[in-house]
Peer 1: 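Take this structure first; my questions come after.
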Amino acid sequence: MSEKNSAQNPVNLCLPDGSVRTFDGPVTGTTLAGDIGPGLLKAALCIKVNGEAWDLSRPIEEDSDVAIVTSRDKEDALDILRHDCAHIMAEAVQELFPGTQVTIGPNIEDGFFYDFARDKPFTEDDLEVIEKRMHEIVARDEEIIREVWDRDDAIAYFKKIGEIYKAEIIADLPEGEPITVYRQGEWLDLCRGPHLPSTGKLGSAFKLMKVAGAYWRGDSKNEMLTRIYGTCWTDKKELKAYLHRLEEAEKRDHRKLGREMDLFHLQEEAQGSVFWHPQGYTVWLQLEKYIRTRLRGAGYDEIKTPQLLDSKLWEKSGHWSKFRENMFVVPDEVPSTDEDAPVLSGDAKLMALKPMNCPAHVQVFRQGIKSYRDLPIRFAEFGCCHRNEAHGALHGLMRVRQMTQDDGHVFCREDQVTEESVAFCDLLASVYEDLGFPEFQVKLATRPDVRAGTDEIWDKAEAALEAALNARGIAFEYAPGEGAFYGPKLEFHLSDAIGRTWQCGTLQSDFVLPERLDASYIAEDGSRQRPVMLHRAILGTLERFIGIMIEHFAGRMPLWLAPTQVVITPITSEADDYAKAVFEKLEAAGLRAELDLRNESIKYKVRDHSHKKVPAILVVGGREAENNTVSIRRLGSNNQSVVDLSEAIDALVTEGTMPDGTASA
RNA sequence: GCCGCCGUAGCUCAGUGGUAGAGCGCACCCUUGGUAAGGGUGAGGCCGGGAGUUCAAUUCUCCCCGGCGGCACCA
């Protein structure tokens, strides 16, 4: 691209409808829009030039495919609006709080944030003031002007005005990258752009959402900045819809539903460990039973290994050096009962609660001599692990310190890795489908900087996982450097009610641990070989997965998982005997039924059980007793239907049957 | 762990420098009501913990602990 293009050279711009407009020389998006029509000029936000978003004020000097972006082009419009909104927020902040430095302010899903450096962090109260000033800046309709600066001048300038973070960002920009600065009114900021032609175009469909701390460059060793999150839309209606969506999502919060449905609780004496109540543990047991069945079907043998293991084993496995800060360490000694003496001497042998099951599984593998004919060996364990998670990380069922994994380890030959990985991906997809999650995201986490094993081994391990994904046509993205120290991993992510994603399933190929813990098998030629170890989990942990399911279903579990599947209740006490008889039949049919003989109105009882998310309510009165029928009302419906009792039971039993994995075949 | 906000009855939340209130829930009584709240009465609180200021602290200050929202970490 030449800046020196002569003005005489005509420029041909090809519009999305295929028509071409010719101009005598360089032309801006504004001119083009005005040329097409005043309505478009008014609506124009920016212009796409050969697929790249440009400012309307930037001259286009060469023949190009162009498209004027208006609020109708949702994605492009939101991109530019949100980014402008971040700039306007930064301008407001610096007007109101002089001395505050700007750092970075990218778009994120549904909005944007901007990180500021300031001695005193912002509070929620500041947001109102900042937001008010932002509306004023929009009303001022300041022209936004793009300038290309010399790199050294830019660094010097930002240093001079005390913006040391900006100066640092510029210094880190790759050589040759043009340094662009945008002015709006008195204010300016380093920015790649593009931006709206003026602040007035932003409109008023934005809102500042929350403040938070965030580390500079995302590194906890760096200073903490203060971050302001905002949301921004093309119009007020969209903003309102978004806020409504957030409210609806909050209603699904598993912590709230967990309390309302009496599923579990947490308390400070056991931070991060769950007290499962009868209703919640029923869900747990059902889920566990289902997974157990699926694992058996996939050739796994279930085992159970110790909680407390000698630190010597963790030293060998590498956990002691790489994972110890997350482990609960327990001294192996009789505590002193002397009131004046310290409880522990401090020099006892150390044990640790297992944070992972893998080293224990290797111990089981190591018993006896294994032949290549034995492989693959697939061990499964509902392994209860403890991890000393940071206090700030704990979050309901989603981040806990005591977790039960649907863990498993496949010991196989190198030539079996891809095959076993494919089988696992199939199993996982089928399980997710059965559980109501046909969609999930996959990441391939590759070698981290600090790792064990040679590059050749890592090449092999990463290629094996990728081959499995490709074999099944599973879309994925790379997560460079995020693999475990012993091997790369596939991460399977699900989303919760408010859009946060959580890693559930995982598949990790490991060439290191078998070596460290000396696992071997006898190969066909009689030589001793190392097996490859595949670490895998489908649900990840039962705790997190149940949390996600609660939110996914908004508490309305499928019948086979629902803690109470059906409630039977009489209209008046005259029907108590019939209700009891129905209840007994339901129980005999294997349904999790509850009998509600409370002296309350039927309205009250229906409401109560609906709140508790009971999937089916059977109401009986004189008419039903006489005809041997029930009036059945399903959760979420305001209607009810009267059916024969036996028919109702059959239907519930059928629907309440655990999936067997054939549904998604 | 870091930054900010918050902590009053089982739950949701009012409130005050002079040791507390509502609704729901719970208990009892009345009510026997055909599908999302029938009525009455009553019991429930070391106002998160500790220190300080004060004649007096649930209220003001400080320190802990915990919760929430992020960050970092992560299944």
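The shown structure was predicted, so the numbers you read here are calculated from the model rather than taken from an experiment. Basis for what follows: all heavy atoms, side chains included, without hydrogens, waters or symmetry-related copies. Chain letters run A, B, ... following the sequence lines, proteins first, then strands; residues in each count from 1.
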Peer 1: Whether the side chain of A:E389 and the base of B:A75 hold a donor-acceptor pair under 3.5 Å is what I'd like checked.
Peer 2: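 Answer yes: a donor N or O sits under 3.5 Å from an acceptor.
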Peer 1: Can you find a side chain N or O atom of A:Q503 that sits less than 4.0 Å from OP1 or OP2 on B:C74?
Peer 2: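 The answer is no; no side-chain N or O of A:Q503 sits under 4.0 Å from OP1 or OP2.
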Peer 1: In whole angstrom, give the distance that lies between atom NE2 of A:H395 and atom C1' of B:G69.
Peer 2: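 Value for this atom pair: 10 Å.
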Peer 1: Tell me what A:Q271 touches on the nucleic acid: a base, only sugar-phosphate, or nothing, going by heavy atoms under 4.0 Å.
Peer 2: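 Sugar-phosphate, no base atom in range.
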Peer 1: Between A:H409 and A:F379, does a ring pair (Phe, Tyr, Trp, His ring centres under 6.0 Å) hold up when you go through it step by step?
Peer 2: CA-CA 5 Å; A:H409 295 91; A:F379 289 145; 8.8 Å; no
Peer 1: Using distance alone, with no hydrogens and no angle criterion, decide if A:T305 and A:K354 have a side-chain donor and acceptor under 3.5 Å apart.
Peer 2: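 Yes, side-chain donor-acceptor contact under 3.5 Å.
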Peer 1: Please confirm whether the ring centroid of A:H83 lies under 6.0 Å from the ring centroid of A:F112.
Peer 2: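 That pair fails the under 6.0 Å test.
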Peer 1: Output the rounded distance in Å from CD (A:E381) to P (B:A75).
Peer 2: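 Between P of B:A75 and CD of A:E381: 17 Å.
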Peer 1: Closer than 4.0 Å, any side-chain N/O of A:Q267 to the OP1 or OP2 of B:G66?
Peer 2: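 No, outside the criterion.
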Peer 1: Among A:R245, A:K251, A:R252, which residue meets the side-chain hydrogen bond (donor to acceptor under 3.5 Å, both in side chains) test with A:E248?
Peer 2: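 The side-chain hydrogen bond (donor to acceptor under 3.5 Å, both in side chains) with A:E248 is passed solely by A:K251 among A:R245, A:K251, A:R252.
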Peer 1: When you check the phosphate oxygens OP1 and OP2 of B:C24, does a side-chain N or O of A:H611 lie under 4.0 Å from one of them?
Peer 2: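 No, A:H611 has no side-chain N/O under 4.0 Å of OP1/OP2 on B:C24.
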Peer 1: Between B:U8 and B:G15, how far is it from one P atom to the other, in whole Å?
Peer 2: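 Those two atoms are separated by 13 Å.
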Peer 1: Report the distance from atom NE2 of A:H391 to atom P of B:C65, rounded to the nearest whole Å.
Peer 2: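 A:H391 atom NE2 is separated from B:C65 atom P by 8 Å.
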Peer 1: May I ask you to verify if any side-chain N or O of A:S601 is less than 4.0 angstrom from the OP1 or OP2 atom of B:G38?
Peer 2: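 Answer is yes, contact under 4.0 Å.
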Peer 1: Considering only B:G70, B:G34, B:C74, which nucleotide approaches the side chain of A:I571 most closely?
Peer 2: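 Out of B:G70, B:G34, B:C74, the nucleotide with an atom closest to A:I571's side chain is B:G34.
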Peer 1: Of all the choices, B:C73, B:A37, B:U32, which nucleotide is nearest to the side chain of A:K603 once you look at every atom?
Peer 2: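 Between B:C73, B:A37, B:U32, the one nearest the side chain of A:K603 would be B:A37.
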Peer 1: Nearest 0.5 Å, what's the CZ-NE2 distance between A:F275 and A:H277?
Peer 2: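 It is 8.0 Å, given to the nearest 0.5 Å.
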Peer 1: Contact class for A:F545 (heavy atom, under 4.0 Å): base, sugar-phosphate, or nothing?
Peer 2: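 A:F545: no heavy atom of the nucleic acid under 4.0 Å.
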Peer 1: Scan A:G218 against the nucleic acid and name what it touches under 4.0 Å (heavy atoms): base, sugar-phosphate only, or nothing.
Peer 2: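 Touches sugar-phosphate only.
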Peer 1: Mapping A:L539 and A:G636 to their closest nucleotides on RNA chain B, which lands nearer the 5' end?
Peer 2: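 Per heavy-atom nearest nucleotide, the more 5' residue is A:G636.
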Peer 1: From the options B:C73, B:U35, B:G33, select the nucleotide whose nearest atom is closest to the side chain of A:Q640.
Peer 2: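 Selected nucleotide (nearest to the side chain): B:U35.
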Peer 1: Between B:C26 and B:A20, how far apart are the P atoms? Round to whole Å, please.
Peer 2: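 Rounded to whole Å, the distance is 27 Å.
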Peer 1: When you measure from the side chain of A:I602, which nucleotide among B:A72, B:G4, B:G34 comes out closest?
Peer 2: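 Nearest to the side chain of A:I602 among the choices is B:G34.
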Peer 1: Classify A:E223 by what it touches in the nucleic acid, base, sugar-phosphate, or nothing, heavy-atom distance under 4.0 Å.
Peer 2: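 No contact at all - A:E223 keeps every heavy atom at 4.0 Å or more from the nucleic acid.
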Peer 1: Using whole Å, report how far CD of A:E124 lies from P of B:C3.
Peer 2: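 These atoms are roughly 16 Å apart.
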Peer 1: What is the distance from CZ of A:R598 to C1' of B:C26, rounded to the nearest Å?
Peer 2: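 Taking CZ of A:R598 and C1' of B:C26, I get 12 Å after rounding.
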Peer 1: Within the side chain of A:D406, is there an N or O that forms a donor-acceptor pair under 3.5 Å with the backbone of A:I538?
Peer 2: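 Pair found, side chain donor or acceptor close to backbone of A:I538.
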Peer 1: What is the nucleic acid contact for A:S220, judged by heavy atoms within less than 4.0 Å: base, sugar-phosphate only, or nothing?
Peer 2: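 Contact class for A:S220: sugar-phosphate only.
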Peer 1: Nearest to the side chain of A:E268, heavy atoms from C-beta on, is which of B:G1, B:U35, B:G66?
Peer 2: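 Of the options given, the side chain of A:E268 lies nearest B:G66.
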Peer 1: Just by distance, with hydrogens left out, do A:Y215 and A:R217 show a side-chain donor and acceptor under 3.5 Å apart?
Peer 2: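 No, because no side-chain N or O of A:Y215 sits under 3.5 Å from a partner of the opposite role on A:R217.
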Peer 1: Is any N or O donor-acceptor pair between the side chain of A:R387 and the base of B:C74 shorter than 3.5 Å?
Peer 2: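 A donor-acceptor contact between them is absent.
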Peer 1: OP1, OP2 of B:U12 versus side-chain N and O of A:R259: anything below 4.0 Å?
Peer 2: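 Checking A:R259 against B:U12: at least one side-chain N or O falls below 4.0 Å of OP1 or OP2.
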Peer 1: Closer than 4.0 angstrom, basic N to acidic O: yes or no for A:E128 and A:K132?
Peer 2: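 Salt bridge between A:E128 and A:K132, a charged N being under 4.0 Å from a carboxylate O: no.
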Peer 1: Using the P atom on both, measure B:C2 against B:U58 and round to a whole Å.
Peer 2: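 Comparing P positions in B:C2 and B:U58 gives a spacing of 29 Å.
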Peer 1: Output the single nucleotide from B:A36, B:G34, B:A75 whose closest atom is nearest the side chain of A:R556.
Peer 2: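 Output: B:A36.
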Peer 1: In whole Å, I'd like the distance from the CZ atom of A:F116 to the P atom of B:G70.
Peer 2: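 The answer, rounded to whole Å, is 19 Å.
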Peer 1: If we take the C1' atom in both B:C55 and B:U19, what is their distance in whole Å?
Peer 2: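 So the two C1' atoms sit 15 Å from each other.
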Peer 1: Between atom CE in A:M549 and atom C1' in B:A75, what is the gap in whole Å?
Peer 2: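 Rounded to the whole Å, the gap is 15 Å.
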Peer 1: So, is A:K489 near the phosphate of B:A75, with a side-chain N or O under 4.0 Å from OP1 or OP2?
Peer 2: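 True: A:K489 side-chain N/O within range (under 4.0 Å) of B:A75 OP1/OP2.
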Peer 1: Taking only the side-chain heavy atoms of A:A390 (C-beta and beyond), determine which of B:G1, B:C5, B:A75 contains the nearest atom.
Peer 2: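 Of the candidates, B:G1 comes closest.
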Peer 1: Ignoring backbone atoms, test whether A:R255 places a side-chain nitrogen or oxygen under 4.0 Å from the OP1 or OP2 oxygen of B:G69.
Peer 2: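 Yes.
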Peer 1: Taking atom types as they are modelled, would you say the side chain of A:Y215 forms a donor-acceptor pair with the base of B:G70 within the 3.5 Å cutoff?
Peer 2: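 Side chain to base: no pair below 3.5 Å.
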Peer 1: Quick check on B:G70: is either OP1 or OP2 less than 4.0 Å from any side-chain nitrogen or oxygen of A:K210?
Peer 2: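 So the side chain of A:K210 is within the cut-off, an N or O lying under 4.0 Å from OP1 or OP2 of B:G70.
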Peer 1: By the 4.0 Å heavy-atom rule, please label A:T506 as base, sugar-phosphate, or nothing.
Peer 2: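 Touches nothing.
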Peer 1: When rounded to the nearest Å, what value does the distance between P atoms of B:G40 and B:U16 take?
Peer 2: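 B:G40 and B:U16 have their P atoms separated by 29 Å.
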Peer 1: A:I568 has an atom CD1; how far is it from atom P of B:U35, in whole Å?
Peer 2: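 To the nearest whole Å, that distance equals 16 Å.
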Peer 1: Closest approach to the side chain of A:M224, judged atom by atom: which nucleotide of B:U32, B:A36, B:C2 is it?
Peer 2: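 Ranking B:U32, B:A36, B:C2 by closest atom to the A:M224 side chain puts B:C2 first.
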Peer 1: Under the rule syn = chi within 90° of 0, otherwise anti, which is B:G69?
Peer 2: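 With its glycosidic angle more than 90° from zero, B:G69 counts as anti.
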Peer 1: Describe the nucleic acid contact of A:A537 in one word from base, sugar-phosphate, nothing, applying a heavy-atom distance below 4.0 Å.
Peer 2: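 The residue A:A537 makes no contact with any strand.
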Peer 1: Donor-acceptor check, side chain of A:R401 to backbone of A:E389, threshold 3.5 angstrom: yes or no?
Peer 2: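 Answer holds: yes.
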Peer 1: What contact category does A:A214 fall into here, base, sugar-phosphate, or nothing, at under 4.0 angstrom with non-hydrogen atoms?
Peer 2: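 If one applies the 4.0 Å heavy-atom cut-off, A:A214 turns out to touch the sugar-phosphate alone, with no base involved.
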Peer 1: Looking only at side-chain N and O atoms, does A:R401 come under 4.0 Å of OP1 or OP2 in B:C74?
Peer 2: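 Looking at the OP1 and OP2 atoms of B:C74, neither is under 4.0 Å from any side-chain N or O of A:R401.
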Peer 1: Output the single nucleotide from B:A72, B:G66, B:G38 whose closest atom is nearest the side chain of A:Y604.
Peer 2: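 Closest of the options to the side chain of A:Y604: B:G38.
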Peer 1: Among B:G69, B:A72, B:G67, find the nucleotide with the atom closest to the side chain of A:A212.
Peer 2: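 Of the options given, the side chain of A:A212 lies nearest B:G69.
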Peer 1: Just checking A:T226: base, sugar-phosphate only, or nothing, at a heavy-atom cut-off of under 4.0 Å?
Peer 2: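 Nothing, no nucleic acid heavy atom in range.
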Peer 1: Taking N and O atoms by type only, does the side chain of A:E325 place a donor or acceptor under 3.5 Å from a partner on the base of B:G1?
Peer 2: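 Side chain to base: no pair present.
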